[in-house]
Amino acid sequence: MNAREKEEYLREYEILKKKGKSFFPYAIMKDSVMMLVVAGVLIAMSIIMGAEQGPKADPTTTTYVPRPEWYFFYLFELLRVIKPPALVPVATIGIPTICMVLLLLLPFYDRGPERIPWKRPIATITGIMVIIAMALLTYKGAVAGPPTEIDLPTAPQYEKGKQIVAQSGCLACHAIGENGAHGGLGPDLTEIGSKIPREAIKQSVTIGPGIMPSFKGLGNEDLNAVADYLASLD
Ligand code: HEC
């Protein structure tokens, strides 16, 4: 846009502004009426049709796989990709906040008068990259395995114990390899087999030392499977 075009634009804008209506109360009135209509329709729909809320929450489940709504998959995946605990706040708070602030401040740092996409290549390319990144993260988040999974190679005879450990909530406090809570309440179990004997492992899981809950409820067979699996980690 050169100086002449700019002048023309400003003149046109002046004319339009003179014969236009003010934002308050005309536009405000329109918006308010429309908002009331939408809210009214939503309220009526929820009263008449009700809302599907899914099955009742079961606080005792041990096999529940926590998954976010689909529109949060990209954040979910971001959190899965960024593993070190020190960087988790960066993934959950830092990056989204920075993006929001950058978007909010856009009118202040992008003062270019151009509106046509190919005449503002930086903004266009950035926009497309963000959309591609979010689409990719959303896709990866959607197909990602459940977080209650231990992705270490395991001999077939230990598979069962591995499954039980993965699905019994152990990973909420313990880390095993890349999985679970790094810096959680409990010690890292990645090499537990080389640290304490199998019997001590079984004992720990059965009684639950310190603040660890007892997993006696798993039954002797499952406790043995868990102990066999953990003892194989070295
Ligand atoms: C609420 C958190 C929590 C959960 C859930 C939990 N643990 Fe623990 N676990 C701990 C803590 C804390 C310790 C250390 C206890 C102590 O020595 O005071 C521990 C200790 C252990 C030990 C002994 C480690 C050692 O070096 O002596 C084993 C083995 C173990 N846990 C296995 C498991 C298994 C298997 C599960 C799941 C079936 C599990 N834990 C679930 C918190 C937890």
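A quick note: this is a predicted structure, and the numbers were derived from the prediction, not measured. Atoms within each ligand, like the ligands themselves, are counted from 1 in listed order.
- Although no hydrogens or angles enter the test, the distance criterion places a donor-acceptor pair under 3.5 Å between the side chain of H174 and the main chain of P187.
- In the vicinity of G169, heavy-atom distances shorter than 4.0 Å reach the ligand 1 atoms 5 (C).
- In terms of protein heavy-atom proximity, atom 7 (N) of ligand 1 is nearest to H174 NE2, 2.7 Å.
- Closest to atom 29 (C) of ligand 1 among all protein heavy atoms lies I201 CG2, 3.8 Å.
- Among L230, L233, L218, the residue whose heavy atom sits closest to atom 35 (C) of ligand 1 is L230.
- Taking CD of E77 as the reference point, atom OH of Y139 lies at 11.0 Å (rounded to 0.5 Å).
- Relative ring orientation between Y9 and Y13 is described as parallel, the plane-to-plane angle staying below 30° on a 0-90° scale split at 30° and 60°.
- Of all atoms in ligand 1, numbered sequentially from 1 with element shown, those under 4.0 Å from a heavy atom of V205 are 32 (C), 35 (C).
- Protein heavy atom closest to atom 39 (C) of ligand 1, with residue, atom name and distance, is M212 CE, 3.3 Å.
- Scanning the protein heavy atoms around atom 2 (C) of ligand 1, the nearest turns out to be C173 SG, 1.8 Å.
- Under 4.0 Å from ligand 1, heavy atoms of P209 appear from its side chain as well as its backbone.
- Side-chain atoms of K160 and N224 include no donor-acceptor pair closer than 3.5 Å.
- Atom 36 (C) of ligand 1 has C170 SG, 2.8 Å as its closest protein atom, hydrogens excluded (heavy atom only).
- Counting protein heavy atoms only, atom 26 (O) of ligand 1 is closest to I192 CD1, 3.5 Å.
- Y158 contributes no side-chain N or O that, together with a main-chain N or O of A231, makes up a donor-acceptor pair within less than 3.5 Å.
- Taking every non-hydrogen atom of V226 and a distance limit under 4.0 Å, the qualifying atoms of ligand 1 come out as 35 (C).
- In summary, S204 places no N/O/S atom under 2.8 Å from atom 8 (Fe) of ligand 1, failing the contact criterion.
- With a 4.0 Å heavy-atom cut-off, ligand 1 is reached by the side chain of L189 but not by its N, CA, C or O.
- Under a 4.0 angstrom heavy-atom cut-off, P213 registers as being in contact with ligand 1.
- The residues K195 and D234 are annotated as not salt-bridged, no charged nitrogen and carboxylate oxygen being separated by less than 4.0 angstrom.
- For atom 12 (C) of ligand 1, the nearest protein heavy atom (residue, atom name, distance) is L185 O, 3.5 Å.
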Legend entry - K202 and D228: CA distance, side-chain angles, deciding distance, salt bridge (Lys or Arg N to Asp or Glu O under 4.0 Å) verdict: CA-CA 9 Å; K202 184 176 171 192; D228 287 339; over 6 Å; no

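- For the atom pair L137 CG and I132 CD1, the distance stands at 12.0 Å (nearest 0.5 Å).
- Judged by distance alone, the side chains of T206 and K216 never bring a donor and an acceptor atom under 3.5 Å apart.
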Inset, instruction - Could you walk me through whether W118 and I116 pass side chain to side chain contact (heavy atoms under 4.5 Å, CB included), step by step? - result: CA-CA 6 Å; W118 54 87; I116 305 167; 3.3 Å; yes

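- Protein heavy atom at the shortest distance from atom 27 (O) of ligand 1 is I196 CD1, 3.7 Å.
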